[in-house]
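Structure first, then comments.
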Amino acid sequence: LSNLKIMVYTLDNVGLELCKCLCLLGIKKLYIYDPRKISKKTLGSNYIINSVPSSPDPSRIDTYCANYLKVLNNYVEIEIMPLLDKYNRNHTSIIKECDSVIVTKLVPYMNPIELDKLCSINDTKFIMGICYGFSGYIFSNFTKHTVTDIDGENLKKTHITKIDYTDNETIIHIHDK
């Protein structure tokens, strides 16, 4: 853990919580990228920003959050990424040195398909975890990672209808269809 270098794109609730946990774990370096300006619209999706700065040019979300993250663990290097070009090319040198790139929100200024290709070329792990309300999606590309299926059972898609807790166990009920 102390040698991991991780890049996180977007700092809404999922991205910020992820960065917070990574800082508390004590990774070596955390690259963050969310160039959006702080506005009334972004206040509800980021729990550490309580108000829009009164300056005429509000700061970027990643700049504001970097200060919060640095306080959590002085030993973790926090670096704010430069603005992206259309093909994420100006982040290539950073992607090469990272162990993992994580995307937590689909945004118009970033192309996740191109980013995944860049990660594959540079043998960097790519994870995209998106949360929409009560639904979540995870895509991962670990390039040279092999998954072995133990039982060959077909996967099925479903959703959880109810969760019951007893003293000894948690019971998860799934939709029949």
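The figures here come from the full heavy-atom set of this structure, side chains too, leaving out hydrogens, waters and symmetry mates.
Clustering ILVMFWY residues whenever any of their side-chain heavy atoms sit less than 4.5 angstrom apart, transitively, puts Leu1 in the very cluster that holds Phe142. Connection of Tyr68 to Val71 is not established within any shared hydrophobic cluster, with ILVMFWY side chains joined at heavy-atom distances below 4.5 Å, either directly or through further cluster members. Cluster membership for Ile160 and Ile138, using ILVMFWY side-chain heavy atoms within less than 4.5 angstrom, is not shared. Using a 4.5 Å cut-off between side-chain heavy atoms of Ile, Leu, Val, Met, Phe, Trp and Tyr, with links allowed through other members, Phe139 and Val103 fall into the same hydrophobic cluster. Tyr132 is connected to Val107 through a chain of hydrophobic side-chain contacts under 4.5 Å among Ile, Leu, Val, Met, Phe, Trp and Tyr, so both are in one cluster.
Annotation: side chain of Leu11 is not in contact with side chain of Tyr64 (no heavy-atom distance under 4.5 Å). Residues Leu69 and Val76 are not in side-chain contact: their nearest non-hydrogen atoms beyond the backbone lie 4.5 Å or more apart. Residues Ile95 and Cys119 have side chains in contact (heavy-atom distance under 4.5 Å, counting atoms from C-beta outward). When side chains are defined from C-beta on, Leu4 does not count as touching Ser100, because their heavy atoms never get closer than 4.5 Å. Proximity of Arg60 to Asp34: side-chain heavy atoms (C-beta onward) are nowhere separated by under 4.5 Å. Considering only heavy atoms from C-beta on, Cys23 comes within 4.5 Å of Ile78 through its side chain. Between Lys20 and Leu24 there is a side-chain heavy-atom pair separated by less than 4.5 Å.
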- Message: Quick one, Ile174 with Thr161, criterion side chain to side chain contact (heavy atoms under 4.5 Å, CB included). Give me CA distance, side-chain angles, the key distance, then yes/no.
- Response: CA-CA 5 Å; Ile174 59 172; Thr161 57; 5.8 Å; no
- Message: Does Arg36 form a side chain to side chain contact (heavy atoms under 4.5 Å, CB included) with Asp12? I'd like the steps, not just the answer.
- Response: CA-CA 11 Å; Arg36 296 175 298 159; Asp12 281 349; 2.7 Å; yes
- Task: Start with the C-alpha gap between Tyr33 and Val101, add the side-chain angles, then the distance that decides, and say whether side chain to side chain contact (heavy atoms under 4.5 Å, CB included) holds.
- Result: CA-CA 11 Å; Tyr33 185 74; Val101 171; over 6 Å; no
- Stepwise side chain to side chain contact (heavy atoms under 4.5 Å, CB included) check, Ile102 with Phe126: CA-CA 6 Å; Ile102 302 170; Phe126 178 80; over 6 Å; no
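Between the side chains of Ser120 and Thr143, no donor-acceptor pair is found at a separation under 3.5 Å.
Atom CG of Leu25 and atom CG of Leu30 lie 11.0 Å apart (nearest 0.5 Å). Here the NE2-OG distance, from His159 to Ser135, works out to 9.5 Å after rounding to the nearest 0.5 Å. Here CD1 of Ile32 is found 13.5 Å from CD1 of Ile6. Values are rounded to the nearest 0.5 Å. We find the CD1-CG distance between Ile94 and Leu118 to be 11.5 Å, quoted to the nearest 0.5 Å. For the atom pair CD1 (Ile80) and OG1 (Thr63), the distance works out to 4.0 Å, reported to the nearest 0.5 Å. Taken to the nearest 0.5 Å, the CG atom of Asp116 stands 8.0 Å off from the CE atom of Met128.
Using a cut-off of 4.0 Å between Lys/Arg side-chain N and Asp/Glu carboxylate O, Asp99 and Lys28 are scored as not salt-bridged.
The backbone N or O of Lys105 lies less than 3.5 Å from a partner atom in the side chain of Thr10, making a donor-acceptor pair. Judged purely by atom type and a 3.5 angstrom limit, Thr158 uses its side chain to pair as donor or acceptor with the backbone of His175. Put simply, the side chain of Asn122 never gets that close to the backbone of Thr124: no donor and acceptor are under 3.5 Å apart.
Closest of all the heavy-atom pairs between Cys131 and Val14 is CB-CG2, 3.8 Å. Heavy atoms only, all atoms of each residue included: Asn74 and Lys70 are closest at OD1-O, 3.3 Å. Of all the heavy atoms in Val8 and Gly15, the pair that sits closest is CG1-O, 4.2 Å.
For the salt bridge (Lys or Arg N to Asp or Glu O under 4.0 Å) condition, the pairs that include at least one residue of residues 161-173, sequence neighbours left out, are Lys162-Asp164.
When the shell of 6.0 Å around CD1 of Ile163 is examined, it contains more than 12 heavy atoms from other residues, nucleotides or ligands.
Qualifying salt bridge (Lys or Arg N to Asp or Glu O under 4.0 Å) partners for Lys5, counting only residues two or more places apart in sequence or in other chains: Glu97.
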